Amino acid sequence: MILEQAPILIVVIPLMSAIVTPLLGWWKRDLCYPWVILSLLFSTLCSVIVLNTVMHDGVIHYYLGGWLPPWGIEYVVDHLNAMMLVLVSGSSLLVAVYSRKSLETELPDRIVYFYTLFLLQVTGFLGIVITGDLFNLFVFLEIAALSGYALIATGEDGAPLASFRYLILGTVGACFYLLGVGYLYMITGSLNMADLAEILPGLYDSKVVLVAFSFFMVGIALKMALFPLHMWLPDAYTKAPSVASALIAPLMTKIAVYVMIRIMFTVFRPYFSIELLPVTKIMLYAGIMAIFVGAVMALAQKDFKRMLCYVVIAEVGYMVGGVGIANAVAIKGAILHIMNDVVMTLGLFAVAGILTYKMKNHEIVAFKHIFKKMPFTMAAFLVVALSVIGVPPTCGFFSKWYLIQGSVMAGNWTFVVALLFSSLVNIVLFFRIIETGYYDFDPAGSEHTHEENIVVNEAPLSMLIPTFVVAVAIILIGLYNQSILINIIQFAVPKL
Amino acid sequence: MDFIIAKYNYWIYIILMMIGFYAMIAKNNLIKKIIGMNIFQTAIILFFVSIAYKKGDATLPILTYADAHGAHAIRAAQYMNPLPHVLMLTAIVVSIATLGVALAIAIMMYKKYHTLEEDEILKAIK
Amino acid sequence: MKTVGLIVSMIVGAFLIYGTMDMPDWGDPNSPASLHVSPRYIMNTETETATPNIVTAVLADYRGYDTLGETVVIFTAGMACVLLLRRRNKFKKNRG
């Protein structure tokens, strides 16, 4: 009985708990933290149940209010959705566990409202992922966006301006999306994705459909910070509080990639997106540019978090380029990379948060002796870094492998070069951290006197455990990537 | 000429939207940017509501007494399309919420830097 | 920035005007938007929801979930304003 309601519970549990959070916080402030964890735990549980059901019984349709699809709103959960749901709810649960100590130092007087918006942010993400209705997606996109702007604006000096710029560009993106919805509605009369997919093939030569598709793509590209439209991302994610960047950076861009895949291959037929228009070519080149620019810009950064932001931009290039190659292997790689990238980015920003918490600073220069001070954190960091570089037992290797395999099959060597170049740059990037953190280059004093002063000063357990879970997940996804591919992703790849 | 007259509502919305879009990109003052954003969103609302309009004998989407009591069959052409109106009620709320958050961030910056010009704030940060 | 803005908005505007060419005429009662989903709302509202106002019926019943989302958007905006603008109580902090 309750299992049938699982799809809606995934979204409604964090939503309702968000409304209760301020009330609870006025009564007893310390209750907020366990409350957020509890609600996200239930939400994660429901999404695991849904994933399990989808794997056994196929696609779930959930009619909200009992109204049948083109008239009412429906939730559709297929394999791609279900995987994203588990990723979103699971990683936000980890960030919630992680959040406590960091928030107490960074925003001690605003914890209650921060947690409320935290839950609303997760609600928005989950609502975007699960819905089968274009306008409903817009509403949840705005919930996620608004709470994101607020969370980012609470950061350090300069965060409000970064957030304001994000707000302006994010609103343009969301409005372009809404305009696309309007154009499709005008020409078809429907808002339901599955219904649109039925009607649209007859209208593919219409200029209105072309404009709608372009506006969808540009709007979503703004949200995912694809290369020429990435200007808002580095400032916003660098200056946000550690917890906010650990929540938003892994999820927002990846969810935008998911929406892009959904629109290209569910609302429109692959035939339209790939053969009728040169969309995939544009995407491929945008992806390649994003990888090169992201990698080069990351090299130029002196700030750890800012460097990670450019790594994120490069990773967006991987996924967009993978979809742009448009053969089954590359898209499989791109979808696997969505999964890996959520986990890897979460790991990177979690480590960045721990270092910020301990050092009160996220400049790379400040990271002296971190390997001796925080051996466990840096062990987790090494695993994540190896995965971002793409070393075999970790998950990052496998998605890169499929992306390269796909582009070789398509005969596109530029993308292969871009991927390898990016791996090479990542080695340099992370080696620089290891160099600063491990070796002592202090010209003033001799090394021996310094070494004796260093004591192990490890991060608190509530921050360390989620980071370790991420590191373990990276290795597990790497080891079990075949079964993930066979059981989930294989069905998520659109039939080309 | 016919072509322009038949679609002039859509042309007007495009012009309005581009005014807002230009203000969002080019203006230096944060409040002007916010106003541009609001014009931009309002233009989209105008567009959606234009879709709903039907020429002829169509009236507001509220059933008349005779129709509501089943005196005769209802024709769809009798009433305007209700769906865009519903969507725009939601979109208006969304645009107001965005406006509120944008103004809150602007106030935050004004408290800190005592200016609303983007370049001056940038200088103050560095 | 001014010229960039002008060029970008001109391009977007020109593209949108290009899109209007295939649009159904304004106010055409036989446009696809008025033929596919909406007629059912107009014809069945009375029997299915017993509400004479069709917009209300769609807002609160057929697409009621969007309206829930809408209220959550307002809640989000309110909480965002509180989070951003709440005055920190400095005295309290000093006293511990």
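Note that the structure is predicted; figures quoted are calculated from it, not measured. Only this structure's heavy atoms are used, side chains among them; waters, hydrogens and symmetry mates stay out. Residue numbering restarts at 1 for every chain, and letters A, B, ... go by the order of the sequence lines.
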(message) Between C/Thr20 and chain B, with a heavy-atom cut-off of 4.5 Å, which part of the residue counts as in contact: side chain, backbone, both or neither?
(response)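 It is both, since atoms from each part get that close.
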(request) Side chain from CB out, backbone as N, CA, C, O: work out which of these in C/Thr51 comes under 4.5 Å of a heavy atom of chain B, or both, or neither. (result)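 It is the backbone, since no side chain atom gets that close.
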Say you draw a straight line from [atom1] of [X] to [atom2] of [Y]; how long is it, rounded to the nearest 0.5 Å?
X: C/Thr56; Y: B/Ile62; atom1: OG1; atom2: CD1; result: 7.0 Å
X: C/Leu84; Y: B/Met109; atom1: CG; atom2: CE; result: 10.0 Å
X: B/Tyr79; Y: C/Thr45; atom1: OH; atom2: OG1; result: 10.0 Å
X: C/Leu59; Y: B/Thr90; atom1: CG; atom2: OG1; result: 6.0 Å
X: C/Leu16; Y: B/Tyr13; atom1: CG; atom2: OH; result: 4.5 Å

(request) Could you tell me which residues in residues 14-37 of chain B have at least one non-hydrogen atom under 4.5 Å from a non-hydrogen atom of chain C, sorted by residue number? (result)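 Those residues of residues 14-37 of chain B which have a heavy atom under 4.5 Å from chain C are B/Ile14, B/Met17, B/Met18, B/Phe21, B/Tyr22, B/Ile25, B/Ala26.
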(request) Sort by residue number and list every member of residues 111-120 of chain B having a non-hydrogen atom under 4.5 Å from chain C. (result)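 The residues closer than 4.5 Å to chain C, in numerical order, are B/Lys111.
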(message) Please identify, among C/Ser34, C/Ala80, C/Gly19, the residue contributing the most non-hydrogen atom pairs under 4.5 Å to chain B.
(response)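 Counting heavy-atom pairs under 4.5 Å, the top option is C/Ser34.
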(message) Heavy-atom pairs under 4.5 Å with chain B - which of C/Asp28, C/Leu83, C/Val12, C/Val4 has more of them than the others?
(response)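 Option with the greatest count: C/Val12.
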(message) Tell me every residue that passes salt bridge (charged side-chain N to carboxylate O under 4.0 Å, His left out) with C/Asp25, counting only those two or more places apart in sequence or in another chain.
(response)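 Here the qualifying residues are B/Lys7.
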(request) Find out whether B/Pro82 and C/Ile42 are in side-chain contact, i.e. whether some heavy atom of one side chain is under 4.5 Å from a heavy atom of the other. (result)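 B/Pro82 reaches C/Ile42 side chain to side chain.
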(request) Answer whether the closest heavy-atom distance between the side chains of C/Val55 and B/Leu89 falls below 4.5 Å. (result)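 Yes - at least one pair of side-chain heavy atoms lies under 4.5 Å apart.
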(message) Given heavy-atom pairs under 4.5 angstrom as the criterion, report whether the side chain, backbone, both or neither of B/Phe47 touches chain C.
(response)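 Just the side chain, heavy atoms under 4.5 Å.
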(request) Please state whether the side chain, the backbone, both or neither of B/Leu87 comes within less than 4.5 Å of a heavy atom of chain C. (result)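 Just its side chain gets close to chain C.
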(request) May I ask you to decide if the ring planes of C/Trp26 and B/Tyr53 are parallel, tilted or perpendicular, using 30° and 60° as cut-offs? (result)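 Aromatic pair C/Trp26/B/Tyr53 classed parallel.
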Mind listing the closest non-hydrogen atom pair of [X] and [Y] along with its distance?
X: C/Pro29; Y: B/Lys54; answer: CA-CG, 4.1 Å
X: B/Gly100; Y: C/Cys81; answer: O-SG, 3.9 Å
X: B/Ala104; Y: C/Leu85; answer: O-CD2, 3.5 Å

(message) Taking CE in C/Met10 as the centre, count heavy atoms belonging to other residues, nucleotides or ligands within less than 6.0 Å. Is the count above 12?
(response)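 Open: at most 12 neighbouring heavy atoms sit under 6.0 Å from CE of C/Met10.
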(request) List for me each residue that meets side-chain hydrogen bond (donor to acceptor under 3.5 Å, both in side chains) alongside C/Ser38, sequence neighbours excluded, and say none if there are none. (result)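 B/Asn81.
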(request) Tell me, out of B/Ile51, B/Leu83, B/Val101, who's got the most heavy-atom pairs with chain C below 4.5 Å. (result)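 Most pairs with chain C among the choices: B/Leu83.
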